[in-house]
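A quick write-up on the structure given underneath.
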Amino acid sequence: MDINELIGIVKNIQGYDLDSQQEKVVKHGKGPLWVVAGPGSGKTEVLVLRTLKLVFVDNLLPSSIIITTFTEKAANNLFERILNYTNLIFKEYPELESKIDVHGLKIGTLHSLCNDIMLENKNQAYENYKLLDELEQYLFIFEHSDLANERSSKYCPLFEKFEYLFSGFDPVTNTFRWNKERLPNKWRRTNASIKLFNRMVENLIDLEKLKDAEEPYDLVICAYNDYVTKLEEHRRCDFAHLQKKFLEFLDTPLGLRFLNGDGTETHPGVKYVLVDEYQDTNPIQEEIYLKLSKGTHNLCVVGDDDQALYRFRGGTVDCMVTFKQACVNTFGIKPDDVTVIFLNTNYRSHPDIVYYYDDYIKSFPSMRLEGARVEYKPPLDPKGKISGDYPSVAYITGKTINETAENFAIFVEDLIKNEIIEKPSQCALLMRSVRESARNAGPFAEALRNRGISVYNPRSKNFLEHEETAGILGAFISIIDPDLSALESVGPPNIKNMVHFWINEYKEIADKYPDLSNYVNKSVESISKIPLDNWIKVNILDIFYHILAHEPFNEWRDDVEKTYRLGQLSKIFETYASVPYPGFPGSDRGELRTGKTEDGTISFGWRKTFYYALIGLLVSAGLDDPEIEILTPPDHLPIMTVHQSKGLEFPFVFVYGLKQKPRLDDSILLEDAFLNFRKKPPLVNFTPEERAEQDLIRFYYVAYSRAQYALIHLVPKVHLSSGFFGFIGKKIIDFKEKAKELGA
DNA sequence: CTGGGTGCAGTTTTT
DNA sequence: CTGCACCCAG
């Protein structure tokens with residue numbers, strides 16, 4: 001197929017032409033391609049079409065093309081679009097159908113591809129390892145890592161140096177700061193270990209360099225080595241090490257065969273690498289991408305440096321901003337050999353909104369520093385269908401949050417009454433936190449509901465308080481710790497309170513469902529008959545599923561949300577059951593034993609660990625409620641975090657807040673702590689304060705650039721005059737005043 | 001409109 | 001403990 005035929009087909013399907021920049025991306029041949037794409041510029045579409053071009057025009061074997069993006073959801077979406085186009089192409093060119101199968105494309109998150117490729121290529125260093133997800137890594141570190149378990153003062157200098165990893169709110173103990181009189185508690189140490197170890201791997205920390213560092217880095221090495229040893233011992237691998245192993249795999253003979261191919265269709269080699277959302281890439285991922293394309297230089301990255309949101313995951317915008325330099329350094333080519341294409345045409349927002357957020361991001365001195373944004377980035381050019389002379393950027397205010405929320409609800413009500421919008425789902429309220437507390441989404445959700453406008457707020461963190469989750473946990477605990485004697489020994493009141501709540505919830509259910517209470521009582525009785533110090537034949541999962549098989553859990557299967565939550569909970573139990581038992585190879589936490597001294601009970605140690613490790617985690621994690629409907633119900637107004645809104649667009653976008661202080665969070669401080677020990681020193685350097693500020697600016701940029709018809713700030717009066725963003729208040733229109741002026 | 005004092009609640013996101 | 005909202009004085 002000819003490239004123009006392909007573009008013609010696309011035009012027929014879409015009804016419009018690609019713009020010249022988009023076309024350049026699709027048509028680009030060999031060599032590094034750096035696509036700097038603004039919001040609403042059609043970047044994912046372009047990536048899809050470029051993939052089609054490689055397959056249908058260049059006739060590359062799909063399995064020689066790697067396409068990655070940031071989340072599973074985005075990856076699925078990307079593949080679906082490719083598949084759609086492919087099917088339409090097959091309608092016009094039926095003879096291709098037998099020759100081309102796009103299912104061969106290596107498309108997914110980088111993590112999933114690393115996993116699949118190493119398994120397919122039988123990489124010995126990865127085969128037979130269990131990949132740990134977030135929860136599994138937590139439980140593994142909680143039980144196995146020296147840093148989390150050492151009871152002496154061995155690690156004190158490390159605790160001091162990385163103090164920020166141990167401070168902040170700890171919901172398990174309800175404390176705000178590590179009490180330095182004592183060692184940090186185990187949850188804090190576990191969380192700190194996770195952050196520390198993951199970041200060391202993601203930022204490609206050179207252990208050799210670290211060896212020469214002054215203390216307490218010796219303790220960091222010691223803790224890290226211990227963790228890696230334990231992982232190997234138990235044949236586990238976390239997400240960060242998955243990437244590290246993949247990088248190492250690429251240097252092995254099997255890896256080189258994968259990379260360069262051997263002339264067979266099974267091993268065609270890696271011919272092209274395409275990366276979406278490149279601004280959220282971290283150093284180890286950058287290294288992987290560069291290595292994958294070292295032989296071909298065919299690396300295409302797409303992203304928007306202004307929309308980087310994932311520093312907490314090790315993502316650094318630097319990779320996006322310095323892509324050209326990285327290619328020059330790694331491939332040994334000239335800067336001009338890297339093709340730069342700016343997709344700066346915006347098809348999403350009203351021109352005034354586009355100018356507004358473009359001005360916004362450029363107005364901060366910290367964003368104008370060298371290396372903060374991609375060089376020579378042109379201004380956004382609005383060419384969307386939306387136009388009209390109305391105030392498209394404005395604010396709604398009030399004396400207090402509640403009053404602001406009230407005015408907001410009145411405004412939304414008016415939008416509906418006056419038929420400016422058909423349904424509430426054409427709006428979105430974007431907030432930093434969607435929790436329905438007085439400082440967050442609470443007043444807004446309430447004001448809307450008071451006016452009969454339903455709210456769609458799926459992530460409100462009360463997973464453990466529903467009757468089904470509380471009920472099954474209560475039933476389970478009633479079996480394994482019937483007199484709650486182990487619970488009594490658990491310190492933190494949060495855990496105790498939560499468990500008591502579950503027990504009560506279970507008792508209420510049990511009153512109505514005698515079969516269930518019979519099962520629970522019988523189980524307690526049969527455990528009581530097992531002699532001291534003996535294995536119990538049932539695994540915790542057996543107990544869990546037996547409870548599930550009883551009413552009312554059984555009939556709750558008809559309820560989508562309840563089923564989802566119970567499914568999540570059973571996954572959590574499965575995870576816990578798979579945690580290796582320290583010191584007993586081959587056994588795991590799912591297996592139960594009776595106590596050594598106390599007759600007829602589950603071992604006290606097991607019960608205690610269950611409360612501390614698993615329940616403590618659940619209580620502190622505040623698990624999310626399910627997001628079952630991906631699409632907002634039309635008669636609901638979605639309340640979401642800015643992260644959730646990424647990649648989406650809404651006719652009316654409301655954003656709360658113009659008064660927020662940039663925060664030096666631990667991701668930023670950790671970057672600095674390891675700055676001098678990177679295998680590759682970073683190409684840009686900002687102070688932690690500068691990075692914190694830039695992150696905050698980008699965060700709101702993402703929010704503002706979601707708006708199609710109107711962007712409306714929700715700001716209590718004080719936000720307009722003071723605070724970090726206060727100046728914005730002077731640039732936008734007060735909706736109420738404008739309405740008065742127009743006599744509306 | 002600003003600044004200081006008081007009181008209160010306690011992100012977010014992903015593999 | 002910190003950051004934010006809110007109130008009040010100037």
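Residue numbers start from 1 in every chain, and the chains themselves are labelled A, B, ... in the order their sequence lines are given, proteins ahead of strands.
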Could you please spell out the steps behind the side-chain hydrogen bond (donor to acceptor under 3.5 Å, both in side chains) verdict for Thr641(A) and Gln644(A)? CA-CA 5 Å; Thr641(A) 64; Gln644(A) 282 173 274; 3.1 Å; yes

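Note: CZ (Arg236(A)) to C1' (dT15(B)) measures 18 Å, nearest angstrom. Distance Tyr164(A) OH to dT11(B) P: 21 Å, rounded to the nearest Å. Rounded to a whole Å, the NZ atom of Lys399(A) is 17 Å from the C1' atom of dC4(C). Distance, Asp170(A) CG to dT2(C) C1': 16 Å, rounded to whole Å. Atom-to-atom, CH2 of Trp178(A) to C1' of dT2(C) comes out at 19 Å; the value is rounded to the nearest Å. Rounding to whole angstrom units, NZ of residue Lys245(A) and C1' of dT15(B) are separated by 17 Å. Protein atom CZ of Arg663(A) is 9 Å distant from nucleotide atom P of dT11(B), rounded to whole Å. Whole-Å rounding puts the Asp665(A) CG to dT11(B) P distance at 13 Å.
Lys679(A) NZ: more than 12 foreign heavy atoms inside a 6.0 Å radius.
The side chain of His719(A) places an N or O atom within less than 4.0 Å of a non-bridging phosphate oxygen (OP1 or OP2) of dA5(C). Side-chain N/O atoms of Arg439(A) include none lying less than 4.0 angstrom from OP1 or OP2 on dC8(B). Of the side-chain N and O atoms in Thr641(A), one or more sit less than 4.0 angstrom from OP1 or OP2 of dT13(B). Side-chain nitrogen and oxygen atoms of Gln644(A) include at least one within less than 4.0 Å of the OP1 or OP2 phosphate oxygen of dT13(B).
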Show every donor-acceptor pair shorter than 3.5 Å between a side-chain atom in residues 308-319 of chain A and any protein atom, with sequence neighbours excluded, or say none if there are none.
from      : atom 1 : to        : atom 2 : distance (Å)
Arg311(A) : NE     : Asp695(A) : OD2    : 2.5
Arg311(A) : NH1    : Glu671(A) : OE1    : 3.0
Arg311(A) : NH1    : Glu671(A) : OE2    : 3.0
Arg311(A) : NH2    : Asp695(A) : OD1    : 2.9
Arg311(A) : NH2    : Asp695(A) : OD2    : 3.4

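For the P atoms, the distance from dT11(B) to dC4(C) is 12 Å, rounded to whole Å. Comparing the C1' positions of dT14(B) and dG3(C) gives a spacing of 27 Å, expressed to the nearest Å.
When distances run from any side-chain atom of Phe312(A) to the nucleotides dT13(B), dC6(C), dT11(B), the shortest one goes to dT13(B). The His643(A) side chain lies nearest to dT13(B) when the options are dC8(B), dT11(B), dT13(B). Of the candidate nucleotides dT14(B), dA5(C), dT12(B), dT14(B) has the atom nearest to the side chain of Thr71(A). The listed nucleotides are dG7(B), dT11(B), dT13(B); the one nearest the side chain of Arg432(A) is dT11(B). In the set dC1(C), dT11(B), dT14(B), the nucleotide with an atom closest to the side chain of Arg313(A) is dT14(B). Side-chain atoms of Glu72(A) lie closest to dT15(B) of the nucleotides dT12(B), dT15(B), dC7(C). The side chain of Glu134(A) sits closest to dT15(B) out of dT12(B), dC7(C), dT15(B). Here the nucleotide nearest the side chain of His111(A), chosen from dC8(B), dT15(B), dC1(C), is dT15(B). Picking from dT12(B), dA5(C), dC1(C) the nucleotide with the shortest atom distance to the side chain of Arg177(A) gives dC1(C). Which of dA5(C), dT11(B), dG10(B) sits closest to the side chain of Ile401(A) comes down to dA5(C).
With hydrogens and angles ignored, the 3.5 Å screen pairs no side-chain donor or acceptor of Arg706(A) with any backbone N or O of Tyr704(A). Using modelled atom types, no side-chain atom of Asn440(A) and backbone atom of Gly442(A) make a donor-acceptor pair closer than 3.5 Å.
Where Phe176(A) and Tyr310(A) meet DNA chain B, the nucleotide closest to each residue was compared, and Phe176(A) sits on the side nearer the 5' end.
At the heavy-atom level, Phe70(A) lies under 4.0 Å from the strands shown only through sugar-phosphate atoms. Ser437(A) comes within 4.0 angstrom of sugar-phosphate atoms only, judged by non-hydrogen atoms across all strands, and of no base.
Annotation: cation-pi geometry satisfied between Lys186(A) and Phe142(A) (NZ/CZ under 6.0 angstrom from ring centroid, within 45° of ring axis).
A ring-centre distance under 6.0 Å is found for Phe79(A) and His103(A).
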